[in-house]
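Data first, discussion second: the structure below is written as structure tokens.
Treat the numbers as computed from the prediction; the structure is a model and nothing was measured.
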Amino acid sequence: MQSHDRAVPDALAACFQQGWADTGLKLPPVPGAVYAAKRRAALSERFPGERIVVPSGGIKARSNDFDYQFRPHSAYIHLTAELGTSAVPDSVLIFEPTGAGHDVTVFTRPRSPRDGGPNSAEFYRDRQHGEFWVGRRRTLSETADAFGIEAAARDDLERALGGHVPTRVLRGEDALVDALVARNDAAEAELRTYLSESRLVKDEWEIEQLRTAVGSTVAGFHDVVGELGHATRVARGERWIEGTFNRRARMDGYGLGFETIVGSGAHSCVLHWMHNDGPVRDGDILLLDAGVEADSFYTGDITRVLPVSGRFTDVQRKVYDLVHAAQSAGIAALKPGARFGDFHDAAAAVIAEGLDDWGLRPGGEPALAPHSTLYGRYTVCGSGHMLGLDCHDCASARQETYLGGVLEPGHVLTVEPGLYFQPDDLTIPEELRGIGMRIEDDFLITADGAVCLSSGLPRQADEVEAWMASLR
């Protein structure tokens, strides 16, 4: 595609301004509108008397005049319940203080006009925003109906951000907004923290969206097992697996919650292996870490290790069984009132004890010695994270409310211990080198304990082998 910047003759421009049917719509509220309204009310109550500005973010170029698929900022999604194919780049949510709280307006690009006005060429000339190029946007009245708040044109943004009103901005998402509002680092950091922490406990609608996303992710893993045989017959078998899962993500949802990780053989030792350009060979294991993002932008996140031949070797099973035991210990520690770190500590203790039993003691020190973290050479990272609109959700929350906090009903998180024996690590027996194992599932904390949202996939080694045999 070229830039298409040639001048349009006046006669052709006039032709574009007539002969169009009235295609206005009366839209129902977006499915999560009631819950988004409650979140906006909570934000209003938290910052009385201040203007709050939450942009959606804009389009990012991939190469020259081709752009990445647009995804709004998660805070904007949380406060509007916007859906994937309806999301409009450069929208801005403004909470304007009143004596009784806030008036909330979304400033957005309305549907491309065809009335001969100043922007009337947009719908057939603008490759990023024109209706002929990227599809129809809602009108302002349709946006208001969908969100249940006032809607105004983005062109009015400068006026809306004027005046001497204390203002907090989610900075770094919209260049115009950043230019119009003076920095206040402390106030803006507090807003960013609140927007992140407000997503820690999921409401009923969010939980249902996560069930949908995880269910689609489970289906994608079933798809992959059915394609393993073909993957062994192509040069870039990892790409075949990646494409198989990604097709499910686009069919069932908006796309991927994160780039799919497909590590076969020694690539399984790379935590975020996303090149996915290697072969898939019988006798190797294949680590798949993937998640479908639903149309509501909530995502699943599951990892399984698959023996490509359908059966683990003795050494592979030995490592797998230890990771499985660690995950099981972590799962058993999930309950309301437990520290967030308890499940990691439980999983890490099993890993450390197992490594001690195998005689793997970097530097000669037993891994279970007081304060020892030497087993981290083989585990590298933590054993789980919050899950929601972001795969690694609520990342701007304070230490004391997240990593140092306690679990409560409505938290959704992953448990994913792993062992990664690098192919060139001389501290381990040769037979272990090049084996990476991670098992990851998604859990909802309830008043009674924890519910595994990804229970549609087996975890135990024999069950994995039986499942794979049933799909080949």
Kindly say whether [Y] contributes a backbone atom to a donor-acceptor pair with the side chain of [X] at under 3.5 angstrom?
{"X": "His73", "Y": "Pro55", "value": "no"}
{"X": "Gln327", "Y": "Val415", "value": "yes"}
{"X": "Thr414", "Y": "Glu416", "value": "no"}
{"X": "Glu353", "Y": "Ala349", "value": "no"}
{"X": "Asn276", "Y": "Thr260", "value": "yes"}
{"X": "Thr193", "Y": "Leu191", "value": "no"}
{"X": "Ser63", "Y": "Phe66", "value": "no"}
{"X": "Arg311", "Y": "Glu465", "value": "no"}
{"X": "Gln460", "Y": "Asp462", "value": "yes"}

Out of curiosity, [X] [atom1] to [Y] [atom2], how far, rounded to the nearest 0.5 Å?
{"X": "Ile149", "Y": "Phe95", "atom1": "CD1", "atom2": "CZ", "result": "7.5 Å"}
{"X": "Asp203", "Y": "Glu208", "atom1": "CG", "atom2": "CD", "result": "11.5 Å"}
{"X": "Leu432", "Y": "Gln316", "atom1": "CG", "atom2": "CD", "result": "11.0 Å"}
{"X": "Asp282", "Y": "Ser309", "atom1": "CG", "atom2": "OG", "result": "6.0 Å"}
{"X": "Asp295", "Y": "Ser216", "atom1": "CG", "atom2": "OG", "result": "9.0 Å"}
{"X": "Asp390", "Y": "Ser196", "atom1": "CG", "atom2": "OG", "result": "8.0 Å"}

Which one of [options] satisfies the side-chain contact (heavy atoms from CB on, under 4.5 Å) criterion with [X]?
{"X": "Phe443", "options": "Val214, Val412, Ile331", "value": "Ile331"}
{"X": "Val280", "options": "Leu286, Val234, Ile285", "value": "Leu286"}
{"X": "Ile439", "options": "Val323, Leu287, Thr303", "value": "Val323"}

Between [X] and [Y], what is the shortest heavy-atom contact and its length?
{"X": "Pro89", "Y": "Ala87", "answer": "CD-O, 3.8 Å"}
{"X": "Trp205", "Y": "Ala81", "answer": "CH2-CB, 4.5 Å"}
{"X": "Pro48", "Y": "Glu45", "answer": "CD-O, 3.4 Å"}
{"X": "Pro423", "Y": "Cys269", "answer": "CD-SG, 4.5 Å"}
{"X": "Cys394", "Y": "Lys202", "answer": "SG-NZ, 4.1 Å"}
{"X": "Pro429", "Y": "Leu360", "answer": "CD-CD2, 3.6 Å"}

Are the charged groups of [X] and [Y] less than 4.0 angstrom apart, N to O?
{"X": "Glu293", "Y": "Arg250", "value": "no"}
{"X": "Arg339", "Y": "Asp345", "value": "yes"}
{"X": "Arg137", "Y": "Glu142", "value": "no"}
{"X": "Asp424", "Y": "Arg433", "value": "no"}
{"X": "Arg211", "Y": "Glu206", "value": "no"}
{"X": "Arg51", "Y": "Asp103", "value": "no"}
{"X": "Glu50", "Y": "Arg168", "value": "yes"}
{"X": "Lys335", "Y": "Asp342", "value": "no"}

Do [X] and [Y] have side-chain heavy atoms sitting under 4.5 Å apart?
{"X": "Val406", "Y": "Phe340", "value": "no"}
{"X": "His78", "Y": "Ser198", "value": "yes"}
{"X": "Arg46", "Y": "Glu190", "value": "yes"}
{"X": "Val464", "Y": "Tyr320", "value": "yes"}
{"X": "Val224", "Y": "Leu288", "value": "yes"}
{"X": "His222", "Y": "Trp467", "value": "yes"}
{"X": "Tyr68", "Y": "Lys60", "value": "yes"}

Go through the steps for Ser296 and Glu82 under the test side chain to side chain contact (heavy atoms under 4.5 Å, CB included), then give the verdict.
-> CA-CA 7 Å; Ser296 57; Glu82 180 61 288; over 6 Å; no

Between Phe147 and Arg138, is there a cation-pi geometry (under 6.0 Å to ring centre, at most 45° from the normal)?
->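 Verdict for Phe147: a cation-pi partner in Arg138.
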
Are Lys318 and Trp358 in a cation-pi contact, defined as NZ or CZ under 6.0 Å from the six-membered ring centre and within 45° of the axis?
->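 Judged by the rule, Lys318 and Trp358 form a cation-pi pair.
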
Show your working on salt bridge (charged side-chain N to carboxylate O under 4.0 Å, His left out) between Arg248 and Asp223 and close with a plain yes or no.
-> CA-CA 8 Å; Arg248 170 66 67 172; Asp223 296 341; 2.8 Å; yes

Do Thr108 and Val88 pass the side chain to side chain contact (heavy atoms under 4.5 Å, CB included) test, and can you show the C-alpha distance, the side-chain angles, and the key distance before you say yes or no?
-> CA-CA 7 Å; Thr108 188; Val88 178; 3.5 Å; yes

Given Asp185 and Arg192, is the salt bridge (charged side-chain N to carboxylate O under 4.0 Å, His left out) satisfied, shown in steps?
-> CA-CA 10 Å; Asp185 291 344; Arg192 186 176 291 273; over 6 Å; no

So does His275 have more than 12 non-hydrogen atoms from other groups sitting under 6.0 Å from NE2?
->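 At most 12 heavy atoms, drawn from other residues, nucleotides or ligands, come within 6.0 Å of this atom.
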
Heavy atoms from other residues, nucleotides or ligands near CD of Glu400 exceed 12 (cutoff 6.0 Å) =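 Counting other residues, nucleotides and ligands, CD of Glu400 exceeds 12 neighbours.
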
Measure from the ring center of Phe47 to the ring center of Tyr194 and say whether it is less than 6.0 Å.
->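 Close enough - the centres of the two rings lie under 6.0 Å apart.
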
Would a line drawn from the ring center of Tyr420 to the ring center of Tyr378 be shorter than 6.0 Å?
->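 When the ring centroids of Tyr420 and Tyr378 are compared, they turn out to be at least 6.0 Å apart.
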
Please say which of Tyr254, Tyr76, Phe70 ends up in a ring pair (Phe, Tyr, Trp, His ring centres under 6.0 Å) with Phe297.
->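 Option passing the ring pair (Phe, Tyr, Trp, His ring centres under 6.0 Å) with Phe297: Tyr254.
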
Going through the checks in order, is the salt bridge (charged side-chain N to carboxylate O under 4.0 Å, His left out) test met by Arg154 and Asp174?
-> CA-CA 12 Å; Arg154 180 180 166 87; Asp174 190 299; 2.9 Å; yes

From CA spacing to verdict: side chain to side chain contact (heavy atoms under 4.5 Å, CB included), Met468, Leu471 | CA-CA 5 Å; Met468 294 179 65; Leu471 293 175; over 6 Å; no

Hey, mind stepping through Leu200 and Thr401 against side chain to side chain contact (heavy atoms under 4.5 Å, CB included) and telling me if it holds?
-> CA-CA 9 Å; Leu200 280 167; Thr401 60; 4.2 Å; yes

